[in-house]
Amino acid sequence: MPKSERSIRTITIGPQTCALLEEHRKRFAVRWSEEGLLFPNQLGGPHRENSLLERAVRPAARAAGLERVTWHQLRHILGSVLHDTGVPAKIGQQQVGHATVETTPNFYTHAIPDTHRRAIESLEEALFPVVPKCSQVGDGAREAKVVIH
């Protein structure tokens with residue numbers, strides 16, 4: 001149930017998601033409810049919030065290598081990934097469903113570890129475009145060697 005009338009909004013999905021949902025609809029056409037629910041319960045009605053989380057979301061999250069997730073954590077993940085992939089803040093705000101654009105970056109975006117490395121690599125490329133590339137060779141247990149390419 002939405003928190004407010006403003007919480008009811010249209011969310012854009014991409015062509016891959018659309019195709020996957022259409023395939024899902026075809027596979028489960030017998031169980032499709034008159035309400036048009038994408039994932040109805042066994043009686044054709046809506047799932048309870050906690051039931052959907054336990055039966056569908058958490059197993060999918062585990063399969064993706066994530067720890068135990070909550071609905072709120074999924075909003076943080078969405079905000080962080082949108083920010084990390086360069087989505088404009090206003091679009092991120094609308095996707096996550098915040099009233100103000102400041103809420104999303106201030107409270108719902110978190111640095112993804114690989115992003116720090118990519119940021120420094122981009123900075124180095126901008127500052128030192130002619131310096132040869134290098135990489136570390138080694139297994140970490142012994143001394144790492146730097147190789148210039």
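Since this is a predicted model, take the numbers as computed values, not measurements. One-based numbering along the sequence shown.
Not a single donor-acceptor pair under 3.5 Å links the side chain of Asn41 to the backbone N or O of His47. Using modelled atom types, one side-chain atom of Asn106 and one backbone atom of Glu102 make a donor-acceptor pair closer than 3.5 Å. The backbone N or O of Thr70 lies less than 3.5 Å from a partner atom in the side chain of Gln73, making a donor-acceptor pair. Proximity of a side-chain donor or acceptor of Thr85 to a complementary backbone N or O of Val81 within less than 3.5 Å is detected. In terms of modelled atom types and a separation under 3.5 Å, the side chain of Arg68 and the main chain of Arg58 share no donor-acceptor contact.
Interatomic distance, Thr12 OG1 to Ile91 CD1, rounded to the nearest 0.5 Å: 8.5 Å. The distance from atom CG of Leu78 to atom CD of Gln95, rounded to the nearest 0.5 Å, is 6.5 Å. Interatomic distance, CG of Leu74 versus CG of Leu53, reported as 7.5 Å (0.5 Å rounding).
Side-chain contact between Ile77 and Leu66 is present, with at least one heavy-atom pair separated by less than 4.5 Å. In this structure, the side chains of Arg75 and His98 come closer than 4.5 Å at one or more pairs of heavy atoms.
With sequence neighbours excluded, the residues satisfying ring-ring contact (aromatic ring centres under 6.0 Å, His included) with His76 are His72, Tyr108, His110. The salt bridge (charged side-chain N to carboxylate O under 4.0 Å, His left out) test applied to Glu22 returns Arg25, not counting sequence neighbours. For Arg62, there are no side-chain hydrogen bond (donor to acceptor under 3.5 Å, both in side chains) partners at least two apart in sequence or on another chain. Considering only residues two or more places apart in sequence or on other chains, Gln93 meets the side-chain hydrogen bond (donor to acceptor under 3.5 Å, both in side chains) condition with Lys90.
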Passes side-chain contact (heavy atoms from CB on, under 4.5 Å), Trp71 versus Leu52? Steps please.
CA-CA 10 Å; Trp71 293 115; Leu52 184 60; 3.9 Å; yes
Worked verdict on Leu82 versus Thr104 for side-chain contact (heavy atoms from CB on, under 4.5 Å)
CA-CA 10 Å; Leu82 290 172; Thr104 310; over 6 Å; no
Report the C-alpha separation of Leu21 and Ile13 in whole Å, then their side-chain angles, then the decisive distance to 0.1 Å, and conclude whether the side-chain contact (heavy atoms from CB on, under 4.5 Å) test is met.
CA-CA 10 Å; Leu21 290 174; Ile13 60 173; 3.9 Å; yes
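Residues in residues 48-69 take part in no ring-ring contact (aromatic ring centres under 6.0 Å, His included) pair, two or more places apart or across chains. Residue pairs meeting the side-chain hydrogen bond (donor to acceptor under 3.5 Å, both in side chains) criterion with at least one member in residues 121-130, sequence neighbours excluded, are Arg117-Glu121.
Pro59 and Glu54 get closest at one heavy-atom pair: CD-O, 3.3 Å. Between Thr109 and Pro105, the shortest heavy-atom contact is OG1-O, 2.8 Å.
Atom CZ of Arg55 has 12 or fewer neighbouring heavy atoms from other residues, nucleotides or ligands inside a 6.0 Å radius.
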